[in-house]
Each structure stands twice: as structure tokens, then as C-alpha cells.
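See structure below.
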Amino acid sequence: MTTHENRSDIAFGEWDGNTAAARELQMRLAEKVVLADDFGALKLIAGVDVGFEDGGKITRAAAVLLDAETLEPLAQALARIPTRMPYIPGLLSFRELPAVLQALDALGQMPDLIFADGHGIAHPRGLGIAAHLGVITGLPTIGVAKKILTGQHAPLGERRADQVDLLDKGGKFIGTVLRSKEKVRPLIISPGNRVSLMTAPELVMRFVTRYRLPEPTRLADRLASRRDEKRAVVQPALDR
DNA sequence: GCGACAG
DNA sequence: ATCTTGTCGC
């Protein structure tokens, strides 16, 4: 069976506007998240991200597979499908995962770890898009977000790799605020599935090169948002 | 009731 | 996320 079969839940049916049902499903799935390092040698890693076309009518998901050792891109895939649901804070995964799963399937090979753009368990109900993706695929995942959705933290240092815990109201450790590079806003890292809170930021730093984002999500982001096209395309009708 | 609010 | 050019600072 393909990755997106056998799931007749709300995430893949038509969006009926029932946010309450979606939140209930999140709470049930959050119980299945494994917050322990449960993965073998990392040979293949992947990054996934989503962008939109035509004012939001089309959801465009990108998946990039890379060699965990050399960080060389080995394969990439795009999935473009009609957007089914609006953006609702806290319910992002229901809007983006259908396309993400298609892109992952198109990759042909499943990675040993997936980095997703967005939060893992650092979410109001413990199931951000990275955690949702991890539970659904059964694969290890890590959430790499650019902004906090929920939680607080102490002041963060200025140097590369400096980090502080992200705590929910109640003081529970739910993620890490990480300065991936000097002079850039920190990333918010949280486990998605089968990765511990301590290990998640380590793995992110392992794949950060000279940019703010680690290679997996940086490359997926470029594909999803068409950064490459916009950069490579020469302006026609301008040279006259 | 008021403010916050991933992408 | 996306709409959008040049511009200021490291």
C-alpha cells in the first residue's frame, strides 16, 4: 500500500469545517508519539516543505532526499494538488500533509529521518505537522520552525549553536530554541517522532552548513517556494 | 472577554 | 504561506 492509503480520517477526506473533530484527532494521535531516540544509522535523510500557487488554490509540496553523510541531494519530488482547507493556527498539518505524503511517496525511497517545516510536539495539543507526519508514516521526524506557536523560554545566547529550552505553561520541556547561525533569528526545534528532545537540536546542527536552515528543509523550501526558478530564469524581453 | 496564533 | 524592489547592514 502507498503511504497515504488506508487512512480515511479527517486529514484526507473533504474538509467539512469541523475544527473540533480535528483537534480531538490530534489529541489521540499525540499519544502515539515516541519521544525516545529510536532510529538506526542515518544513511538517508529528507526535508519536506509546502508552498502555494495561484493565490493559495494549489498546494505545492516538495520532498528532497539527501545523503546523510555528504549532504548531497539524491532525489527530489513535487506534488501539486488542490488546496482543501484554509490555514488555521494549530491545524496546519491537516492543510499540508496530504500533499507532503504524495511528495514523499514520489521520492521512491523512504528516508531514515525527515525534517519538516513547522513544529513537532511544541504545539498546543502536542501534534504539530512534524509529529503528525511521524505518527502517520511511523518514521523518525523533527520539526524545524521559524517562529514559536506555543511556549516560552529564557534569553538566548548570540553564538552559533547556543540553545535554550522551550517550556509550555506548566514548565514542561517541549522543544529547543536554537541559534543555528550567528546574527539570525533562532529556529524552534522539537521532536516529531522517534527522536528525543535532547537529540533533536543536535541532529539539526549536524545538517546546518552556512545557512539558517538545515540542508533538508532549506532545499525543500526552495523547491516548494520556487526560489530556484525565480533565481535561474533570465528576464526575457528586457534586452532590447 | 482579550490577545495570540507554525505555514 | 503570498503579494513585492530596492536597500541597509553584516
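Below, read A as the first sequence line, B as the second, and so on, with proteins coming before strands; counting in each chain starts at 1. Excluded from the calculations below are hydrogen atoms, water molecules and symmetry mates; all remaining heavy atoms, backbone and side chain alike, are included. Every value quoted in this text rests on a predicted model; they were computed, and no experiment measured them.
For A:Thr141 (side chain) and A:Ala130 (main-chain N/O), a donor-acceptor pair under 3.5 Å exists by modelled atom type.
Residue contacts for A:Leu91: at a heavy-atom cut-off of 4.0 Å it reaches a base atom on one of the strands shown. A:Gly55 comes within contact range of no nucleotide atom at all, as no heavy-atom separation falls under 4.0 Å. Here A:Ile129 lies in heavy-atom contact (under 4.0 Å) with a base. Heavy atoms of A:Tyr87 sit under 4.0 angstrom from at least one base atom. At the heavy-atom level, A:Gly51 lies under 4.0 Å from the strands shown only through sugar-phosphate atoms.
In this structure, A:Val204 and A:Thr176 have side chains that are not in contact, with every pair of non-hydrogen atoms separated by 4.5 Å or more. Contact of the A:Gln76 side chain with the A:Leu219 side chain is not registered, since no non-hydrogen atoms from C-beta on lie closer than 4.5 Å. By the 4.5 Å heavy-atom criterion applied to side chains, A:Tyr87 and A:Glu96 are not counted as neighbours. Side-chain contact between A:Leu166 and A:Ser190 is absent, with no heavy-atom pair separated by less than 4.5 Å. The shortest distance between side-chain heavy atoms of A:Leu113 and A:Arg194 does not fall below 4.5 Å. Residues A:Lys146 and A:Leu213 are in side-chain contact: their nearest non-hydrogen atoms beyond the backbone lie under 4.5 Å apart.
Rounded to whole Å, the distance from CD1 on A:Ile58 to C1' on C:dA1 is 15 Å. Between A:Arg185 atom CZ and C:dC10 atom P the separation is 17 Å, expressed in whole Å. To the nearest angstrom, P of C:dT2 lies 13 Å from CG of A:Asp54. For the pair A:Glu96 CD and C:dT2 P, the computed distance is 10 Å after rounding to whole Å. Between the CD1 atom of A:Ile88 and the P atom of C:dA1 there is a distance of 18 Å, given to the nearest Å. Atom C1' of nucleotide C:dA1 and atom CG of A:Leu149 are separated by 15 Å, given to the nearest angstrom. Distance A:Arg227 CZ to C:dT2 C1': 10 Å, rounded to the nearest Å.
In DNA chain B, no run of at least 3 consecutive Watson-Crick or G-U pairs with both distances below 3.5 Å is found.
Checking A:Arg95 against A:Lys183, the closest nucleotide of DNA chain C that is more toward the 5' end is the one next to A:Arg95.
Once you apply a 4.0 Å limit to the heavy atoms of chain A, the touched nucleotides of DNA chain B run 5' to 3' over B:dC5 to B:dG7.
Considering all non-hydrogen atoms of both residues, A:Leu187 and A:Arg212 come closest at CD1-O, 3.3 Å.
Ion pair A:Arg222/A:Asp49 not flagged as a salt bridge, since none of the NZ, NE, NH1 or NH2 atoms sits closer than 4.0 Å to an Asp/Glu carboxylate oxygen.
Following chains of ILVMFWY side-chain contacts shorter than 4.5 Å, one cannot reach A:Val177 starting from A:Leu149, and the two form parts of different hydrophobic clusters.
No more than 12 heavy atoms of other residues, nucleotides or ligands sit less than 6.0 Å from atom CD of A:Gln152.
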In dot-bracket, 5' to 3', how would DNA chain C read with Watson-Crick or G-U wobble pairs under 3.5 Å, [ ] for crossing ones and | for pairs to another strand? ..........
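Between A:Leu65 and the choices A:Leu104, A:Leu107, A:Ile114, A:Ile45, the side chain to side chain contact (heavy atoms under 4.5 Å, CB included) rule is met once, by A:Leu107.
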